[in-house]
Amino acid sequence: MHDFIMAADSELWDVICDGPYVPPKVLEELPFSMPKTRKYTDADRKVVEKNFRAKKILVCGIGPDEYNIISACETAKEIWKALQTAHEGTTQVKQSKIDMLTTEYELYRMKDDKSIQYMHTRFTSS
């Protein structure tokens, strides 16, 4: 899916990875800014629309089961993180899978009654 998004617009991938741009409203009475609320300039609107386009691409590429996972997400970044967790698992789950596969690989032995071809097929198809 990453390649499809990159083909659509490289800035969309930035929105998915970094989160949406929220145009700031500079407060003259205080030395800081806060997010604007829908009173966007044309330039702000174009940048804000990137999140909507990225969300649309992600949502159009999933099925009904996955939609239930991401239906509460508000940004493309949240959708992407939810899909990553659903398909790849958390960091802890990924590490457990790596540890299990490493142990399985280390215990992989050829039995006396098996041929090298059998072992090669077993190794490459597992």
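These numbers come from a predicted model, not from an experiment.
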Co-membership, hydrophobic cluster, residues Tyr67 and Trp80, 4.5 Å side-chain: yes

Tell me the salt bridge (Lys or Arg N to Asp or Glu O under 4.0 Å) pairs involving residues 54-71, sequence neighbours left out? none

In short, Asn51 meets Ala76 closest at the heavy-atom pair OD1-N, 3.0 Å

Pairwise distance CD(Glu11) to CG(Asp18) - rounded to 0.5 angstrom: 11.5 Å

For Ile116, does the CD1 atom sit with more than 12 other heavy atoms under 6.0 Å from it, leaving out its own atoms? no

Atom OG1 of Thr41 and atom NZ of Lys46: how far apart are they, to the nearest 0.5 Å? 10.0 Å

Using the test side-chain contact (heavy atoms from CB on, under 4.5 Å), find all partners of Leu101 that sit at least two apart in sequence or belong to another chain. Glu104

Pairing residues for Glu78 by the salt bridge (Lys or Arg N to Asp or Glu O under 4.0 Å) criterion, not counting sequence neighbours: none

Please tell me if the side chains of Ile62 and Leu58 come closer than 4.5 Å, counting only heavy atoms from C-beta onward. no

Which atom names give the shortest non-hydrogen contact between Ala54 and Leu12, and what distance separates them? N-CD2, 3.9 Å

More than 12 non-hydrogen atoms from neighbouring residues, nucleotides or ligands closer than 6.0 Å to NZ on Lys81, yes or no? no

Contacts of type salt bridge (Lys or Arg N to Asp or Glu O under 4.0 Å), residue Lys77, not counting sequence neighbours: none

Ile98 meets the side-chain contact (heavy atoms from CB on, under 4.5 Å) criterion, sequence neighbours left out, with Gln95, Thr102

Separation between CZ (Phe52) and OG1 (Thr75), nearest 0.5 Å, reads 10.5 Å

Can you name the nearest heavy-atom pair linking Asn68 to Ser71, along with the distance? O-OG, 3.4 Å

Got a sec, which pairs hit salt bridge (Lys or Arg N to Asp or Glu O under 4.0 Å) with one end in residues 86-95, sequence neighbours left out? Glu88-Lys94

Same cluster or not: Val59 versus Ile16, using hydrophobic residues (I, L, V, M, F, W, Y) connected whenever any side-chain heavy atoms lie under 4.5 Å apart? yes

For the CG atom on Asp112, are there more than 12 heavy atoms of other groups (residues, nucleotides or ligands in this structure) within a distance under 6.0 Å? no

